[in-house]
Every structure is written in structure tokens, then in C-alpha cells.
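So the structure is just underneath, and the comments pick up after that.
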Number of protein chains: 2
Amino acid sequence: MSANSRLTIAAHALAWIGLYQRQGHEVATSEQVAASANTNPVVVRRLLGELRRAGLVESRRGAGAGWSLARELGSITLLDVYEAVEPGPLFAMHRTTPDQGCVVGHGIQPAMRGIYQDIEETLRHELARVTLEKVLRDVLAAPRQPL
Amino acid sequence: MSANSRLTIAAHALAWIGLYQRQGHEVATSEQVAASANTNPVVVRRLLGELRRAGLVESRRGAGAGWSLARELGSITLLDVYEAVEPGPLFAMHRTTPDQGCVVGHGIQPAMRGIYQDIEETLRHELARVTLEKVLRDVLAAPRQPL
DNA sequence: CCTGTCGTAACGATTATGGTTACGACGGCC
DNA sequence: GGCCGTCGTAACCATAATCGTTACGACAGG
């Protein structure tokens, strides 16, 4: 499917910022998040920008600038993040219109549209069950490095 | 997500072949299916080849060659087709290893892996609920062209 | 005014998809 | 045995998305 890591990186960023704020800090910088995710600050700023448009985070400019959560981790779900950073549908229709003179060509798109809608609805429901609070909890539950 | 149409075209091909066989024909050619789906015969052959590897269809070569179902439409589910034509996972991890010295960087991948596994399991369950028999039924139920 | 960070444009590398052409392999049929 | 239609598959290209990177203006606090 040529999956992408946008949802993963966005969740990583939110978890990082949430934990950082619980440690008493006001804002986190894209550079800090990028260092943790081992990627480029611009990639982080782009994704956080989409999360800001969705009302999940806020940004401050100027000196001492950075990012902060606009909502509690417990009130943000993976569905919120998914909708913020993943534009299109899960499955695509034909790139060109099927032969409308053929019975199958005529009926296939309405049929698949209905089926895909049900499936995506279920996916959204599953994503909505996972809060970023749970993500951070799972992150912190990972076994420590053995020495 | 840059969704693709592989599942859609594969389902289209199976429905077309199934209906064609119910009309008394032995085999269907990639050219016929491609005409209905309004794409190139090679694209159809490539997808049908993957379905053949999964044991869903059979192909005959030589004169009077073509494709036929290896199973009844009622015993093929969208999950079978999905697994045959969609290689990767739905969501990807980071392209590079996150900073293992950071608590979040260290725990994020195990955490997301578990969450993604649950979600994909639900998706597979939903796909398994839809048989190609139902797809064809929905296709034939599409409203006829009004004149 | 200086400095650190955001915001965003621009570009390139990489990858997946899908369309196309080409051609050998195969197997019924005359 | 040769012909012909179809599969099987390689090769190539166009397109698009993602991700990394560089660059630079905008902004605000000290």
C-alpha cells in the first residue's frame, strides 16, 4: 500500500510535547521533537502545522517560541490525528470511468463505494478508541534497555 | 494516503469473470476485463496473476485461453483479495530509528506497533465479512440508466 | 537591534502506481 | 507442422506522494 509514516510521526510529536509539558516546560521546539523522531525539523513543523489547523496544538512565534498542546492528551484520539494528516480515502476507485455500457462497469463504483464507506467507518471507530493518553502510557510502558 | 485502485480493479475483475461464467462461458480474457474496467490488459493480467498466486483464479494458455474462477464467488472475501494484491501494512513506522536515548523515541515503536496491529486486525475482520458474491449482488442492484 | 524559532517555498531523491509497448511461451485448431 | 490468439513478463515512462534538505522572511521577546 506504500504506507506512510505521517500518523506515526504526528503521534510521536504529540506524545513528546505532552510528556515535556508534564515535566514543567511551556513549549517544545520542532528541533527537539525532530531529534527524538530522528528526522528533520521542517518535517515536524509541517505535520504540527496540520495539527494546529485541526486545533490540536498551538504555536508561539518570536523568541522562546515553540509548540504546546491545545487539548489534553486524553481528549485527543488517533482519529483526530488521522483526519488532520491523512487527506484521502483508504481505497481509490478506478482512475478512469469504467465502461458504462457493461453491467459490471456500470454498477461497480456504487457497489464499492458503499462497501468502502462501511469499512472506513469501522476504521475511524477503531482510531477513535485510542487516545494519545493511551499512546503515551504505552510508550512509557516499553521495557527499559537491559544493561 | 495516496490510495490505490488495486483492490477495486481486482474486485471488478473477479465480479466480471464470475458473471461471465454464470452466463455459460468457460473463460474470460484480460482484454474483455480491461475493456469493462477501462484500463490496459496488462494491468489486468498483472493483478489476476497475483490472484492466481493466491489460488483465487486459474489461467489457461494457448488458443481459447483466458481466466476462470478457482473458487465460487461466495467463498472469496475482500480479505482474500486484499491480501493478494496489497503487500504492506496500513501505517508505516519511522523511516529511521528514533532516538533510543529519549524515552519517547525508545517506546514509540513498540507502542504504535501494538496499536496498529489491533486496528489492522479489525480492518481484516471487516474485509472478511464481504464476499465477492455480495459485491456482484450490489453491482447488479445498481439503478439502470434512466432514458 | 539581536537572536531563536516559526512558516513556508523550493528542490531533489526515492518509491509506488498504472499505462504502454514488446516479445517469447504456450496450446488448440486447421 | 504451422498459425493464431492469449498469457506471462520484462522494460520503460509519466505521474504523484512522501520525505529530506536548504533557504529565507516573519515574528517577538530580551
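In what follows, every chain begins at residue 1, and chains take the letters A, B, ... in the order their sequences are listed.
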Using whole Å, what does the distance between atom [atom2] of nucleotide [N] and atom [atom1] of [X] come to?
X	N	atom1	atom2	result
A:Asn38	D:dG20	CG	P	9 Å
B:Glu58	D:dC7	CD	C1'	15 Å
B:Ile9	C:dT17	CD1	P	13 Å
A:Leu47	D:dT18	CG	P	10 Å
B:Asn40	D:dA10	CG	P	16 Å
B:Leu90	D:dT18	CG	P	14 Å
B:Leu48	D:dT6	CG	P	15 Å
B:Arg95	C:dT14	CZ	P	11 Å

* **Nearest-0.5 Å distance that lies between atom CG in A:Asp118 and atom CG in A:Leu123** => 12.5 Å
* To do: Give, for atom CG of A:Leu7 and atom CG of A:Leu47, the distance between the pair rounded to the nearest 0.5 Å.
  => 10.0 Å
* Asked: Between B:Thr8 (side chain) and A:His94 (backbone), is there a donor-acceptor pair under 3.5 Å?
  -> no
* **Protein-to-nucleotide contact annotation, 5' to 3' order, nucleotides 3-13 of chain C [B base; S sugar-phosphate only; - none; under 4.0 Å, heavy atom]** => -BSBBBBB---
* Terminal axes of the helix from C:dC1-D:dG30 to C:dC30-D:dG1 (five pairs each): angle between them, nearest 10 degrees -> 0°
* To do: Check the surroundings of atom CD in B:Glu26: do more than 12 heavy atoms from other residues, nucleotides or ligands lie under 6.0 Å from it?
  => no
* In terms of heavy-atom contacts, does CZ of B:Arg129 have more than 12 from other residues, nucleotides or ligands at under 6.0 Å? -> no
* To do: Is it possible for you to say whether A:Tyr20 and A:Val27 belong to one hydrophobic cluster, with membership spreading through side-chain heavy-atom contacts below 4.5 Å?
  => no
* Respond yes when some side-chain nitrogen or oxygen of B:Ser5 is under 4.0 Å from OP1 or OP2 of C:dG18, and no when none is. => yes
* Asked: For B:Glu83, which residues count as a salt bridge (Lys or Arg N to Asp or Glu O under 4.0 Å) partner, sequence neighbours excluded?
  -> B:Arg124
* Might you point out which heavy atoms bring A:Val81 and A:Ala10 nearest each other, and give the distance in Å? => CG1-CB, 3.5 Å
* Mind listing the closest non-hydrogen atom pair of B:His12 and B:Ala37 along with its distance? => CE1-CA, 3.5 Å
